[in-house]
Amino acid sequence: MVESVEIKADLSDPEFLQNPYPALAALRRDSPVARVKTAFGFDAWLLTGYDLVRESLADPRLVRNVPGEVDPIRQGTPGGVAGRDFVPPSVLDTVDPPEHTRLRALVQPAFTSHRIDGLAGRIEAVVAPLVEELGGTPEWDVVPRIAYRLPLAVIGDILGTPRGDDVELVRITAGLLAEDTDGDSFRAHRIALHSLRDYLVDLIAQRRRRPGEDLTSKLVEAVPATDEVAGYELVSLLVNIVVAGYLTTGNMIGSGLAALLTHPGQLALLRGNRGYIPSAVEEFGRIEAPFTSVLAFAAEDLAYGEAAIERGDAVISSLTAANRDPARFADPDRFDITRPDHGQLAYSRGIHRCLGSHLARVEVAVFLRLLLDRFPVLELACAPEDLRWRAIGEIRGLRAVPVRTA
């Protein structure tokens with residue numbers, strides 16, 4: 001780590017968490033590769049320009065494991081297999097090739113665009129009752145009522161969880177929403193991950209006894225019950241799928257709807273032409289990327305811009321900053337559902353590109369269409385300045401989005 005380099009920003013500052021864009025714009029303009037203090041307590045290099053971020057996301061010299069450290073899936077007991085207290089890491093995000101290539105190949109077929117498009121009818125069947133439930137009251141908060149339930153219901157359907165278990169999954173994973181500013185957040189996250197792990201272990205056992213056509217059954221077929229390390233990998237893959245889809249898609253639903261409701265002209269445009277729904281979904285990801293950044297480590301000494309980055313240094317690629325770079329997007333702070341050329345990086349890029357990016361797009365598009373069909377009136381039920389953000393690691397979303405429908 002280069003100790004003599006000046007710290008340019010503190011990413012854990014509460015003001016930064018609520019509104020990072022002025023600070024990111026200043027860094028992008030004056031120090032596109034800057035030394036910063038992270039919310040996790042360590043220093044890192046922060047990349048903010050679109051071209052630099054885009055390049056970094058596919059740079060094989062930037063890896064997910066600190067060089068020299070043990071693969072996280074094999075940490076734990078002296079024999080290399082994790083013990084009973086093991087909390088599966090987000091394995092697709094924390095391992096590098098060749099392990100990453102092998103693990104991603106197991107689940108990739110379930111998330112191809114063709115496969116997800118073929119599930120559109122099932123996704124609508126899952127989402128429609130959730131939207132209909134909102135009609136029972138003239139005012140509701142989109143975050144607890146649908147933003148997190150919707151992706152969990154869809155993911156549950158793909159994984160083969162019992163119908164209606166989205167409510168149970170919401171309860172189990174609630175601790176993942178504990179914020180980093182809360183002294184008990186680490187404990188809450190760990191308890192939630194333990195509970196989710198136990199739920200998925202039970203689901204795997206059920207699918208071994210009674211396989212079906214769901215993704216869990218397909219994965220179980222590829223993983224021998226006697227292979228303990230592979231079993232942990234399987235649990236970790238399922239945890240990754242649930243958590244990533246739950247938090248990122250849920251936050252995109254909340255922040256995207258808030259953007260629409262605070263821009264009534266854009267909402268009216270969308271009501272008048274539903275053909276803008278795909279570009280609206282892209283703009284949701286660009287204007288408020290739910291996964292704000294990507295953390296990696298330099299596998300060798302390298303240079304980005306004028307910065308000399310040493311082997312082992314942490315490097316953060318800011319998707320949030322890149323998506324508002326005026327060198328790439330005209331009038332980047334303006335919410336515009338008609339942008340013809342996106343190229344936004346909300347889903348990352350390269351081998352770690354979000355596995356469920358197309359699924360997220362379809363979910364949000366179906367939700368928007370059904371919501372607009374069901375409610376001729378949609379208004380924000382608070383002042384825009386009263387909307388408050390929560391940050392959970394690299395994931396950022398609104399705490400509440402109160403909506404009035406009559």
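Residues take their numbers from the sequence shown, with the count starting at 1.
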Sub-3.5 Å donor-acceptor pair from the side chain of [X] to the main-chain atoms of [Y], do we have one?
X: Asn251; Y: Leu247; answer: yes
X: Arg339; Y: Ala330; answer: yes
X: Arg396; Y: Thr292; answer: no
X: Ser31; Y: Ala34; answer: no
X: Thr216; Y: Ile204; answer: no
X: Ser217; Y: Glu213; answer: no
X: Ser348; Y: Arg353; answer: no
X: Asp117; Y: His114; answer: no
X: Arg28; Y: Arg324; answer: yes
X: Arg145; Y: Glu133; answer: yes

Kindly write out the residues that satisfy salt bridge (Lys or Arg N to Asp or Glu O under 4.0 Å) with Asp59, not counting sequence neighbours, or none if the list is empty.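 Asp59: salt bridge (Lys or Arg N to Asp or Glu O under 4.0 Å) contacts with Arg61.
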Please report the interatomic distance [atom1]([X]) to [atom2]([Y]), rounded to the nearest 0.5 Å.
X: Glu288; Y: Asn323; atom1: CD; atom2: CG; value: 10.0 Å
X: Thr249; Y: Phe291; atom1: OG1; atom2: CZ; value: 12.0 Å
X: Glu15; Y: Leu17; atom1: CD; atom2: CG; value: 10.0 Å
X: Leu370; Y: Ile123; atom1: CG; atom2: CD1; value: 11.5 Å
X: Phe335; Y: Leu260; atom1: CZ; atom2: CG; value: 4.5 Å

State whether Trp389 and Arg399 meet the cation-pi test: NZ (Lys) or CZ (Arg) under 6.0 Å from the six-membered ring centroid, and within 45° of the perpendicular axis.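 Here Arg399 fails the 6.0 Å and 45° test against Trp389.
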Scan side-chain atoms only and decide if Ser317 and Ser56 contain a donor-acceptor pair under the 3.5 Å cut-off.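 Yes - a donor-acceptor pair under 3.5 Å links their side chains.
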Are a donor atom and an acceptor atom from the side chains of His358 and Arg361 found within less than 3.5 Å of each other?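 No.
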Would a 4.5 Å heavy-atom cut-off, applied to side chains only, mark [X] and [Y] as touching?
X: Asp165; Y: Leu152; answer: no
X: Val377; Y: Glu379; answer: yes
X: Leu134; Y: Arg374; answer: no

Which is it for Asp43 and Lys37 under the salt bridge (charged side-chain N to carboxylate O under 4.0 Å, His left out) test, yes or no, and what are the steps along the way? CA-CA 5 Å; Asp43 298 345; Lys37 185 175 292 297; 3.4 Å; yes
Between Asp373 and Arg274 (salt bridge meaning N to carboxylate O under 4.0 Å), is one present in this structure?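 Salt bridge between Asp373 and Arg274, a charged N being under 4.0 Å from a carboxylate O: yes.
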Could you check whether Arg334 pairs with Glu283 (Lys NZ or Arg NE/NH1/NH2 to Asp/Glu carboxylate O, under 4.0 Å)?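 Salt bridge: no.
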Could I get the full list of ring-ring contact (aromatic ring centres under 6.0 Å, His included) partners for Phe329, not counting sequence neighbours?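 Partners of Phe329 under the ring-ring contact (aromatic ring centres under 6.0 Å, His included) test: Tyr50.
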